[in-house]
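Following: one structure in structure tokens, then a few remarks.
Here the structure is a predicted model, which is why all the values come from computation and not from measurement.
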Amino acid sequence: MTESIEPSTSSSLPSTAGDPSTVIHPRREPFEHGLLPIPKLIFSDPTQTLIPLRQKLLELSSNQQVNSASIAEALQISIDHAGLVLSTLASVLHSESDPLVTAKPGELDSVGADVHDLVLFLYIQSYKRLLPRTHKDSAAVTDVWPSTSAFDGYLSALSPLQLVRSNSRRFMPSQADEEAHQLSYLQKHMANILSLLAEPVEGEGEESLVLTMDRFEHLGFLIQFGDKGSEGNSLSQASPFFANSDPDMPAVPVPAAQVLDWVLQNIASALENISERMAPKENGPANASDQDVAMADASTSSVKASASARGPIFIEGISKSSYVKHASDIKGSSVKVLNCHESAIYILAPLRYATVYGCSDATIVLGAVGKAVRVEHCERAHVIVVAKRICIANCRECVFFLGVNQQPLIVGDNHKLQVAPYNTFYPQLEEHMTEVGILPTVNRWDETVALGVVDPHDSLSHPAGVSDVQTESAAPVDPDQLTNFVIPNWLGGDSAGSTKDNPFTLPDAYIASQDKNQTNLGEIRQLLQEAQLEDSRKRELSSALHVYFKDWLYASGNIRQLYCLQGD
């Protein structure tokens with residue numbers, strides 16, 4: 001600090017946890033979309049490593065902002081990995097007005113990351129995710145799981161879905177379980193985290209650490225109060241330390257120990273609240289409104305999405321049916337599609353985050369996702385998505401049709417993945433893209449980045465010697481195999497839109513292939529129309545065409561699109 005300022009020493013530490021609108025929550029986004037399996041980012045003792053690293057970053061910074069070259073030098077990583085750190089941090093930052101968040105593709109490096117946000121981002125790379133949970137009714141969901149994959153994985157003979165399902169059928173942990181796990185992590189590490197943000201009072205040494213209001217605001221990267229989080233008031237306004245500060249006067253710094261006591265008190269209250277809320281459900285029936293969402297019924301007429309006031313929309317357990325959600329149906333800003341099989345899922349809405357987990361033999365169409373998409377533990381799925389960025393983890397035989405502004409990230413144990421340019425549209429797509437900040441002029445669908453086959457954040461034990469093995473990347477779909485995906489008109493929603501075609505320009509090879517296919521189709525139609533066939537031969541030809549078309553529908557997975565034609 002440049003001036004010696006007496007810290008505030010208020011003895012009153014009111015907890016906000018008694019008011020449901022101001023209960024402390026972990027920000028899920030850094031934990032769900034911000035972890036990178038890069039060994040040099042994971043420190044056995046984060047505090048001891050990051051305190052000198054923070055100082056080095058500050059020395060390399062300009063106005064406390066660092067670019068990828070400075071990150072690469074400080075962390076001793078490649079410039080490509082440093083760029084990945086920068087773009088990943090941008091996708092999970094808490095402030096929508098942060099220059100790194102508002103930067104256009106290609107401008108991230110010139111803007112740079114705030115050193116203190118970066119240090120917190122690096123600290124949580126030590127976080128371990130919860131293992132998948134056992135579904136409370138394992139037998140009831142057995143029928144919707146796909147059959148065993150025909151080939152073995154590199155690390156295990158189990159396929160990604162089998163790995164998820166091992167030990168009595170496992171599912172993604174409930175929101176309440178994950179929140180408690182994240183809060184417990186923050187509770188354990190909060191003293192260290194605050195030490196990275198605090199600074200000593202001039203003349204009093206390292207033992208007298210204080211937090212300025214600006215440094216305190218960086219905690220908003222990890223925690224939030226109430227339902228709206230970063231979309232609501234700033235973190236300082238939710239605290240007793242800076243809530244009534246005069247915006248024209250610098251707020252008095254607060255002792256870090258006092259902030260620690262207040263945060264830990266709120267975390268303890270929140271954990272107690274989660275425990276009390278979950279206790280009655282341990283043996284009781286599932287409630288569709290709970291945060292711990294039960295599997296939806298598998299018929300179109302009874303499947304329901306569920307959400308909490310602050311959590312994502314859940315679409316779970318859909319089997320052999322079609323399901324659609326429009327912008328008017330999405331109350332939050334994120335969606336999780338879980339454990340859906342042999343189905344067509346349409347989420348035609350603007351979103352901030354999306355997760356697809358444990359799906360097989362399904363076609364999933366996601367509208368414009370402005371922050372990040374994560375697809376994990378899926379088999380034989382077609383994922384069609386417009387997004388700022390996408391991460392693919394532990395998937396097999398999946399095809400991704402992408403309109404993405406950043407390079408697709410591939411991590412974990414993947415096999416036989418394919419990527420292709422985006423191949424569909426719906427009337428409101430361009431409006432949704434504009435709303436969430438995705439550019440149709442930039443599509444990096446084929447610039448995949450493959451990281452390690454082992455995810456150090458998954459809490460699983462792995463064979464020795466494979467931590468540095470790179471995962472299998474994705475192959476581009478052959479231009480002759482790409483077809484336009486048509487979203488049925490009656491799924492387009494009630495409101496009109498201006499999008500009449502794919503907003504992303506196809507690469508030349510794919511345009512040439514489509515033109516050739518259109519020409520061939522026209523020639524075949526003409527030959528059929530001019531053919532002089534007897535009625536019996538016409539019937540034979542028609543029957544043969546139907547048989548081949550049906551075979552193609554099943555072989556290509558396009559049979560899923562016809563589920564929407566089924567009656568309720």
Side-chain angles (χ1 to χ4, degrees), residues 143-150 298-303 318-324 340-346 348 359-365 379-384 397-401 416 418 420-427 476-493 499-502 506 509-568:
D143 290 341
V144 304
W145 288 105
S147 58
T148 303
S149 187
S299 66
T300 307
S301 59
S302 59
V303 168
I318 296 173
S319 178
K320 296 184 178 179
S321 59
S322 176
Y323 192 78
V324 61
C340 295
H341 311 286
E342 297 185 69
S343 299
I345 314 294
Y346 303 87
L348 310 181
C359 296
S360 68
D361 301 288
T363 296
I364 298 154
V365 182
E379 288 185 356
R380 300 179 299 279
H382 288 188
V383 179
I384 306 172
E397 302 178 67
C398 294
V399 187
F400 299 87
F401 301 86
K416 295 188 177 181
Q418 291 182 286
Y422 191 70
N423 66 336
T424 192
F425 69 94
Y426 59 93
V477 168
D478 188 284
D480 289 336
Q481 299 300 315
L482 182 72
T483 57
N484 290 328
F485 183 89
V486 179
I487 297 173
N489 290 336
W490 57 89
L491 296 183
T499 305
K500 308 298 181 185
D501 202 354
N502 186 345
L506 287 176
Y510 291 87
I511 293 175
S513 180
Q514 291 199 344
D515 290 344
K516 181 185 70 176
N517 291 339
Q518 285 294 327
T519 300
N520 292 342
L521 179 60
E523 292 174 354
I524 292 171
R525 280 176 174 167
Q526 186 173 354
L527 287 172
L528 290 176
Q529 290 169 355
E530 296 174 353
Q532 301 297 320
L533 298 177
E534 298 176 357
D535 288 347
S536 61
R537 299 301 300 275
K538 287 182 179 179
R539 285 193 295 271
E540 288 178 13
L541 177 60
S542 177
S543 177
L545 288 173
H546 277 89
V547 168
Y548 282 115
F549 179 62
K550 185 177 180 181
D551 289 345
W552 173 82
L553 280 175
Y554 279 98
S556 65
N558 288 309
I559 188 65
R560 304 163 196 157
Q561 297 180 53
L562 302 185
Y563 286 131
C564 60
L565 300 177
Q566 296 180 150
D568 291 347

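- Residues Ile345 and Val365 have side chains not in contact (no heavy-atom distance under 4.5 Å, counting atoms from C-beta outward).
- There is no side-chain donor-acceptor pair under 3.5 Å between Ser319 and His341.
- For the pair Thr499/Tyr426, no side-chain contact is recorded, criterion being any heavy-atom separation below 4.5 Å from C-beta on.
- Checked against Phe401 for a side chain to side chain contact (heavy atoms under 4.5 Å, CB included), the options Thr363, Val383, Asn484, Leu482 give a single hit: Leu482.
- Closest approach of Pro476 and Tyr510 over heavy atoms only: CB-OH, 4.2 Å.
- For the atom pair NE2 of His546 and CG of Asp551, the computed distance is 12.5 Å after rounding to the nearest 0.5 Å.
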Walk me through it: do Asn423 and Ile384 pass the test side-chain contact (heavy atoms from CB on, under 4.5 Å)?
CA-CA 8 Å; Asn423 66 336; Ile384 306 172; 3.6 Å; yes

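- Across every non-hydrogen atom of Ala381 and Cys359, the tightest pair is CB-O, 4.5 Å.
- No donor-acceptor pair under 3.5 Å is formed between the side chain of Ser543 and the backbone N or O of Arg539.
- Every residue two or more places apart in sequence or in another chain that forms a side chain to side chain donor-acceptor pair (under 3.5 Å) with Asp480 is listed here: Ser513, Lys516.
- Two residues are said to be in side-chain contact when any heavy atoms from C-beta on lie closer than 4.5 Å; Ile487 and Phe485 meet this criterion.
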side-chain contact (heavy atoms from CB on, under 4.5 Å) evaluation trace for Ile364 with His382
CA-CA 6 Å; Ile364 298 154; His382 288 188; over 6 Å; no

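- The OG atom of Ser321 sits 10.5 Å away from the CD atom of Glu342 when rounded to the nearest 0.5 Å.
- Remark: Tyr422 OH to Phe400 CZ distance equals 15.0 Å, nearest 0.5 Å.
- Using a 4.5 Å heavy-atom threshold, the side chains of Tyr323 and Cys340 count as separate.
- Remark: Leu545 CG to Glu540 CD distance equals 12.0 Å, nearest 0.5 Å.
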